[in-house]
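A, B, ... follow the sequence lines: proteins, then strands. Residue 1 opens every chain.
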Amino acid sequence: MTDFTIATWNINSVRLRIATVEQFLRDAQPDVLCLQEIKGENGVFPTAAFEALGYVHQAVRGMKSYNGVATLSRHPMTVLDDRNWCSKVDCRHVATSVMGIEVHNFYVPAGGDIPDPALNDKFAHKLSFLDETREWFATERPPSAAHRMVLVGDLNIAPLEHDVWSHKKLLDVVSHTPIEVEKYEAWRAASDFRDAVRHFVPDSEKLYTWWSYRAKEWELADKGRRLDHIWVTPDLVPALKSYKIHKAMRGVEKASDHAPVVVTMSV
DNA sequence: ATGCCAGCATGTTGCTGA
């Protein structure tokens, strides 16, 4: 048995925040780091900085200006799939295999402002994305599948009442609407994924991973949402050892608006 | 209803985020 620590973090430009990422890696020392919103083409990804810290195995899917995901590993890793969703080449997913575990790193569309697919193409895209991923996992990775999987990322949905600062006030706000939560749940259930962080924290307890830039006193106001998730297949649930949301990373100079989420399991 | 803040490219304005 050996420990396997995986981290997920929407970094909101990896070039701008590489020093912060280095600080985090020295502190948390995950085996695998999954980044979202790297915001740059593969050619400008800071490959050498990660190599210097031992993360020599890298799966990068970047594009100019927007989106982009990267999975970095200290252990040998193979890239499984470069698939696109909703017929868009928008770099929202990379699948890899490391230490015998299939790792899916996702950046789900944010969905714009208006929670109505008829009025808002971005919300329609988000709902379609959730339908497509659910369908793919149900077909290609049904719950009976024997192999171990971890799915992480900025899923841009806060599913539970206490994943947001005010359930009532956010029911009509994109990220917490009933239709999104329903589709999030259907996707999770498609492979019988389990919420690895709520494994440690009761549903009745407030838990956030994102705090808006638009609130000056973000920590004092604490109007957060839990948008970043780590799901594991049932066989990994007994292996879960600990979790941490690195809220301190939200408080550094020039911080991302997301904090890293980390889970350790014994595999 | 809007702006509040932030990053990047189309670049001192517009698109994106959620």
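With no hydrogens or angles considered, no side-chain donor-acceptor pair links A/S256 and A/N12 at under 3.5 Å. Side chains of A/Q23 and A/T20: a donor-acceptor N/O pair is absent below 3.5 angstrom, by distance only. Inspection of the A/H147 and A/E102 side chains reveals an N or O donor paired with an N or O acceptor under 3.5 Å. Defined by atom type and a distance below 3.5 Å, a donor-acceptor pair is missing between the side-chain atoms of A/T233 and A/R148.
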Under-3.5 Å N/O pairs linking protein and nucleotides 9-12 of chain B:
residue : atom : partner : partner atom : Å
B/dT10  : O4   : A/Y66   : OH           : 3.0

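A straight line from OH of A/Y107 to C1' of B/dG7 spans 12 Å, rounded to a whole angstrom. Across the protein-nucleic acid pair, A/N12 atom CG and B/dC15 atom C1' stand 14 Å apart, rounded to whole Å. Rounded to a whole Å, the CZ atom of A/R214 is 10 Å from the P atom of B/dG3. Between A/E41 atom CD and B/dC8 atom P the separation is 13 Å, expressed in whole Å. Here the C1' atom of nucleotide B/dG17 and the CG atom of A/D121 are 17 Å apart, to the nearest Å. Atom CG in A/D90 sits about 10 Å away from atom P in B/dG17, given to the nearest Å. B/dC4 atom C1' lies 12 Å from atom NZ of A/K223, rounded to whole Å. One interatomic measurement links the two molecules: CE of A/M63 to C1' of B/dG7, which rounds to 14 Å at whole-angstrom precision.
Between A/K122 and B/dC15 there is no side-chain N or O to OP1 or OP2 distance below 4.0 Å. Residue A/S13 places at least one side-chain N or O closer than 4.0 Å to OP1 or OP2 of B/dC8.
With a 4.5 Å cut-off on side-chain heavy atoms, A/K241 and A/M265 do not count as touching.
The residue A/H258 sits close only to the backbone: its heavy atoms come under 4.0 Å of sugar-phosphate atoms, none of a base. A/D257 comes within 4.0 angstrom of nothing in the nucleic acid, heavy atoms only. Within the nucleic acid shown, A/N10 comes within 4.0 Å of sugar-phosphate atoms alone, with no base atom in reach, counting heavy atoms only.
For B/dT12 and B/dG17, the P atoms lie 22 Å apart once the distance is rounded to whole Å. Nucleotides B/dT13 and B/dG3, compared at atom P, are 16 Å apart to the nearest Å. If you take atom P in B/dA18 and the same atom in B/dC8, they sit 14 Å apart, rounded to whole Å. Nucleotides B/dG11 and B/dA1 place their P atoms 33 Å apart, quoted to the nearest Å. Between B/dG14 and B/dT10, the two P atoms lie 15 Å apart (nearest whole Å).
Aromatic pair A/H246/A/F24: centroids less than 6.0 angstrom apart.
Where A/K216 and A/P109 each meet DNA chain B at their nearest nucleotide, the meeting point lying more 5' is that of A/K216.
Classified by interplanar angle (parallel below 30°, tilted 30° to 60°, perpendicular above 60°), the ring pair A/W231/A/W187 is perpendicular.
Salt bridge present: A/D163 and A/R198 bring a charged side-chain N and a carboxylate O closer than 4.0 Å.
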Please, what dot-bracket string fits DNA chain B when only Watson-Crick and G-U pairs with both distances under 3.5 Å count, crossing ones use [ ] and pairs to another strand use |?
....(((((...))))).
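For A/R188 (side chain) and A/F193 (main-chain N/O), a donor-acceptor pair under 3.5 Å exists by modelled atom type.
Remark: A/R134 is not positioned above the aromatic ring of A/W136, lacking an NZ or CZ atom under 6.0 angstrom from the ring centre and at most 45 degrees off the axis.
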